[in-house]
Enquirer: 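Just dropping this structure here.
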Amino acid sequence: MPIGIYRRTTQQINAASLFHQYVVPDEKTTDLPEWWGKWAIEKEDRYVHSDVRSAQAEFFVFNMVSPTTGCVVQLVLSEQAKKMKLPRNWKIGFVDPCTNVFFDGSGRVFKGQGVLSHLQVPPHRYTKESGGVTLQPNGYQGSN
């Protein structure tokens, strides 16, 4: 599975809390299709915080495969969002190019698109000493 790591600006991090009215709440999301296998979202606070869904707000770590089609999502920045008629305060997000389903900068799917699955966040941790992100395919293994 292709994993993306996007480094967000302070503006993009702050915008994460602005989209709650537009996105499907976590408690309303559905299970993934069977073809996803073991790749399920980590809902533990260690990996996924309510607004930024990441171990470190600056880095959004996500599975780049759309949870509905299997297509690789594409980055949509604010300049492109204006042309696509997305919310005015859009700073960053993603689109499934096969269906035009939109996700915000934290990978949460927008309401009203017939999709109830967010982009998946793999188990990961942020290491302060190196400033890097480490994927943990076997789940959470300690703190940092």
Side-chain angles (χ1 to χ4, degrees), residues 1-127 131-141 143-144:
M1 295 275 171
I3 301 297
I5 300 176
Y6 184 80
R7 189 174 195 172
R8 299 183 270 210
T9 66
T10 302
Q11 275 187 321
Q12 292 166 342
I13 294 166
N14 293 339
S17 63
L18 300 175
F19 290 103
H20 289 289
Q21 63 184 327
Y22 303 114
V23 298
V24 175
D26 287 338
E27 63 273 7
K28 302 271 186 190
T29 59
T30 58
D31 291 333
L32 294 171
E34 261 184 52
W35 57 264
W36 264 89
K38 297 186 285 185
W39 286 91
I41 190 168
E42 288 290 337
K43 293 188 178 182
E44 297 180 42
D45 286 341
R46 288 178 241 175
Y47 311 124
V48 184
H49 298 275
S50 60
D51 286 343
V52 296
R53 299 180 71 227
S54 185
Q56 173 70 18
E58 183 180 0
F59 298 102
F60 178 49
V61 180
F62 63 104
N63 189 327
M64 295 175 67
V65 175
S66 170
T68 56
T69 64
C71 293
V72 174
V73 296
Q74 297 174 347
L75 179 67
V76 178
L77 296 174
S78 57
E79 302 81 36
Q80 298 159 303
K82 290 174 190 168
K83 296 174 190 167
M84 298 172 152
K85 298 185 179 163
L86 293 169
R88 271 188 319 189
N89 48 5
W90 181 282
K91 300 294 179 202
I92 175 184
F94 305 91
V95 62
D96 175 339
C98 297
T99 59
N100 281 332
V101 168
F102 288 93
F103 303 88
D104 74 357
S106 295
R108 298 172 297 202
V109 68
F110 276 74
K111 293 177 184 175
Q113 300 183 99
V115 175
L116 297 175
S117 296
H118 298 323
L119 293 179
Q120 302 303 290
V121 175
H124 68 281
R125 68 184 174 124
Y126 174 75
T127 307
V133 174
T134 304
L135 295 177
Q136 298 179 292
N138 296 320
Y140 183 77
Q141 300 166 356
S143 62
N144 264 359

Enquirer: With the side chain counted from C-beta on, respond yes when Phe94 and Leu75 share a heavy-atom pair under 4.5 Å apart, and no when they do not.
Expert: yes

Enquirer: If you look only at pairs with a residue in residues 68-81, which of them pass as a salt bridge (Lys or Arg N to Asp or Glu O under 4.0 Å), with sequence neighbours excluded?
Expert: none

Enquirer: State which residues pass side-chain contact (heavy atoms from CB on, under 4.5 Å) with Thr9; sequence neighbours excluded, sorted by chain then number.
Expert: Gln11, Gln12

Enquirer: How far apart are the closest heavy atoms of Ile3 and Pro122, and which atoms are they?
Expert: CD1-CG, 4.0 Å

Enquirer: Residues in side-chain contact (heavy atoms from CB on, under 4.5 Å) with Gln74, at least two apart?
Expert: Val95, Pro97

Enquirer: Can you name the nearest heavy-atom pair linking Met84 to Val76, along with the distance?
Expert: SD-CG1, 3.8 Å

Enquirer: Just so I know, are the side chains of Ile92 and Phe60 near enough to count as touching, which here means a heavy-atom distance under 4.5 Å?
Expert: no

Enquirer: Under the rule for side-chain contact (heavy atoms from CB on, under 4.5 Å), what residues qualify as partners of Ile5, not counting sequence neighbours?
Expert: Phe59, Val61, Val133

Enquirer: Which residues pass the side-chain contact (heavy atoms from CB on, under 4.5 Å) test with Val115, sequence neighbours left out?
Expert: Thr68, Val101, Val109

Enquirer: With Glu58, which residues qualify under side-chain hydrogen bond (donor to acceptor under 3.5 Å, both in side chains), at least two apart?
Expert: Arg7

Enquirer: Give the minimum heavy-atom separation between His118 and Pro67, together with the two atoms involved.
Expert: O-CG, 3.5 Å

Enquirer: Filter on salt bridge (Lys or Arg N to Asp or Glu O under 4.0 Å), then keep only pairs touching residues 94-106, sequence neighbours left out; what's left?
Expert: Asp104-Arg108

Enquirer: Using modelled atom types and a 3.5 Å cut-off, is there a donor and acceptor pairing between side-chain atoms of Gln80 and backbone atoms of Ser78?
Expert: no

Enquirer: Return the set of residues passing ring-ring contact (aromatic ring centres under 6.0 Å, His included) with Phe103 (not counting sequence neighbours), or none when no residue passes.
Expert: none

Enquirer: Short question: side chain of Arg53, backbone of Ser106 - any donor-acceptor pair under 3.5 Å?
Expert: yes

